[in-house]
Amino acid sequence: MKTKESLLAQALVEAVEKLYQHTMNINDFQFQETRKEFAGDITLVVFPLIKISKTGPEPTGQAIGQYLKDHVADITDFNVVKGFLNISLSQSYWLQTFDAIAQASQFGFASAGSKPRVMVEYSSPNTNKPLHLGHMRNIFLGYSVSEILKANGHSVTKVQIINDRGIHICKSMLAWKKFGQGETPETSGLKGDKLVGKYYVEFEKNYRPQVKALMEQGMEEEVAKKEAPLMKEAQEMLVKWEQKDPETVHLWETMNQWVYSGFNSTYTAMNVDFDKLYYESDTYLLGKSEVEKGLQQGIFYQKEDGSIWVNLEDEGLDQKALLRKDGTAMYITQDIGTAILRFNDYPDTAYQIYTVGNEQEYHFKVLFKILKKLGFAQADQCFHLSYGMVELPEGKMKSREGTVVDADDLMAEMKAIARETAEETGKLENMDDAAKDALHHTIGMAALKFFLLRVDPIKNMLFDPKSSIDFNGQTGPFIQYTYVRTLAIQRKFTEQFGQPEANAAHPASVGNDELQIIQALYNWPAALQKAASTYDPSQIANYCYDLARVYNAFYQHNSIIREEDTAVRNFRMQLTMITGRTLQQAMALLGIEMPERM
RNA sequence: GUCACCGUAGCUCAACUGGAUAGAGCAUCGCACUACGGAUGCGAAGGUUUGGGGUUCGACUCCCUACGGUGACACCA
């Protein structure tokens, strides 16, 4: 396929040479989309050229426009408005472009493995709490970015690090031991992660009054938090765990299994997956030894009390502790170990992308500098895919404030709304219950994923549970509906006229609505590339919405099956099919499935 | 206190990275319609892009400044 720019390139360079005796590279010209209110398919911004032409923007535009029109067959017309040269391209150019798009089975996708391997980390939950709305943004983002990078030719390894170690786990374990009376997911009917989460809350419920009581006796809050009997017990448990006390380790393993099976069912419902899981309990020791190695090499230094530090003041950062004076690992220690382990596991990895909330920007800045100091060249390219919070109207989402939106609950709610809406329309009467149920889930997830992904990741976003998520307008189901309609039309077309021919002759001329669709399809590769280079799925989401909207406008004003002219009818059918295909392939990059009916 | 990010219609979000008259959806009002799938389409109304300076042919975008909202600055994770 010839891009609009490449169509003009040669003649444009020539034009400037002949008219102004100046040699320019095609990349030096500035193009943009022509605004709707003007005639044209592509616009050259002429302001930058007036220095060369030594005349005003108008005459420059006129002169270049005329030259182009005279020398490029596919340019039918041009106009100059202020400093903008609007160029109109022939219908035959657009028809050829459409043919090229239609023939590519995965238009816009780069061939697999043509770019280096990238590792994408996402989700990475703690094992003491169920997944909530904040995780959902993380998970959908990470999954989508992985798919987008694959579509752009990268090999991708999807991973997560599971924070299965530390005092927070011990809190759940302790509370379960004290108050659980042997409760299990089987006996309680609770999902494993919910059960463990319940005992985490239980711990806090009993722990807080203890702290309060100590403070009332005149103890400082800091001290009271450490001295409360429950906390001391939890600390003892952590020590026992580190000493590999069999009973403690066994309980830890049992409760972790509960959590993992709970998480897995949530991941299945979300339709996301991982290529490899990393566990903090496996990586923190490696982190420790790497830090010690770094100390020997003089990259880090040790204070008198025995703690190990790195000095990043040269880099404009601070000093940072890497290992406590008692020799135990910290959060960053573990991350160092994990990163190194991953580079060892997948030596062809060019860099890692960490999908983690923006509150950890400093942490990752530090981490990448440390990796660099340790001699990992990949550190330069490592990227913190930082995203903003999902805020609730009443205030931020923080588990301690008790305003979490649980992931499983929310998915169930979305599904219920999808069911209601579907039943109102009543189009699914001859579908069996299992298929309906799966469909409602697909639609509910589309609404949810699209809602979370259509916003620029770096921005904080708002989720209002009361108004919930819309199914009309700029939404996932709107796009699904458009897709489903393209299939319905195709079915009916086939009934009446047989399979649509892929290479049917084009009509003599096509209307503006049709051109709009071709142009929207043409824009897909650019949207995909931008999404990949900026790690931003919202580019894909907004593209899908645009394409669906343009198609719907066309559909509303033009007949397809009832069109009598065979060539026109076939062509419109082709447009319909390629639109559907593109929507389906694009939405897949957001992790959104397209149903056959809805 | 220092630093980072954000601030666009009543609300939720866009704006091709410096380009034309800042665009969509929701909500409001009004149309279209035997509709090939109406979870639709068309239109109206809604904006001093938080305020104030600057840079230049041209600023939502870059710089400075004030204000507002987040967040980070632990031998927490």
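Just so we're on the same page: letters track the sequence lines, and every chain starts at 1.
You'll find the ring centres of W309(A) and F300(A) outside the 6.0 Å limit. The six-membered or imidazole ring of F47(A) lies near that of F84(A), with a centre-to-centre distance under 6.0 Å. Ring centers of Y551(A) and F554(A): under 6.0 Å apart, within the cut-off. Under the 6.0 Å cut-off for aromatic ring centres, Y535(A) and F383(A) qualify, their centroids lying closer than that. Aromatic ring centres of F368(A) and H384(A): separated by at least 6.0 Å.
Rounded to whole angstrom, the span from the CZ atom of R419(A) across to the C1' atom of rA39(B) amounts to 17 Å. Regarding F463(A), its CZ atom lies at a distance of 19 Å from the P atom of rC11(B), rounded to whole Å. The separation between D546(A) atom CG and rG41(B) atom P is 13 Å, rounded to whole Å. Rounded to whole Å, the distance from CD on E361(A) to C1' on rC6(B) is 11 Å. Atom pair I540(A):CD1 and rC16(B):P shows a separation of 16 Å (rounding to whole Å applied). What separates CZ of F451(A) from P of rG25(B) is a distance of 17 Å, to the nearest Å. Separating the CG atom of N558(A) from the P atom of rU40(B) is a distance of 19 Å, rounded to the nearest angstrom. Rounded to an integer number of Å, the gap from F471(A) CZ to rU40(B) P is 12 Å.
At the heavy-atom level, F493(A) lies nowhere under 4.0 Å from the strands shown. As judged by a 4.0 angstrom heavy-atom cut-off over every strand, Q32(A) is placed among the base-contacting residues. Nucleic acid contact for K82(A): sugar-phosphate only, since backbone atoms but no base atoms lie under 4.0 Å from a heavy atom of the residue. Contact annotation for V81(A): base contact, defined as any heavy-atom pair under 4.0 Å involving a base atom. Among the protein residues, K492(A) comes within range of the sugar-phosphate backbone only, with heavy atoms under 4.0 Å from sugar or phosphate atoms but none that close to a base. Residue-level contact check: T534(A) touches the bases, meaning some heavy atom is under 4.0 Å from a base atom. Here N163(A) lies out of heavy-atom contact (under 4.0 Å) with every strand. Nucleic acid contact for Q539(A): sugar-phosphate only, since backbone atoms but no base atoms lie under 4.0 Å from a heavy atom of the residue. No engagement by D335(A) is indicated, since no non-hydrogen atom pair under 4.0 Å with the nucleic acid exists. Base engagement by R35(A) is indicated by at least one non-hydrogen atom pair under 4.0 Å involving a base atom.
The base of rA20(B) is paired with the side chain of N86(A) by a donor and an acceptor separated by under 3.5 Å. T43(A) contributes a side-chain N or O that forms a donor-acceptor pair with the base of rA20(B) under 3.5 Å. For a distance-only test at 3.5 Å, the side chain of Q474(A) fails to qualify as a donor-acceptor partner of the base of rA14(B). Contact of R454(A) with rC13(B) (side chain to base): no donor-acceptor pair of N or O atoms is detected under 3.5 Å.
Where L85(A) and H363(A) each meet RNA chain B at their nearest nucleotide, the meeting point lying more 5' is that of L85(A).
A 6.0 Å sphere centred on CD of E37(A) holds more than 12 heavy atoms belonging to other residues, nucleotides or ligands.
With a glycosidic angle more than 90° from 0, rU28(B) adopts the anti conformation.
In this structure, F47(A) does not pack face-to-face on the six-membered ring of rG58(B), missing the 5.5 Å centre cutoff or the 30° plane limit. Here Y545(A) does not pack flat against the base of rA24(B), since the 5.5 angstrom centre distance and 30 degree tilt limits are not both met.
Proximity note for K36(A) (side chain, C-beta onward) versus rC16(B), rG23(B), rA77(B): the nearest is rG23(B).
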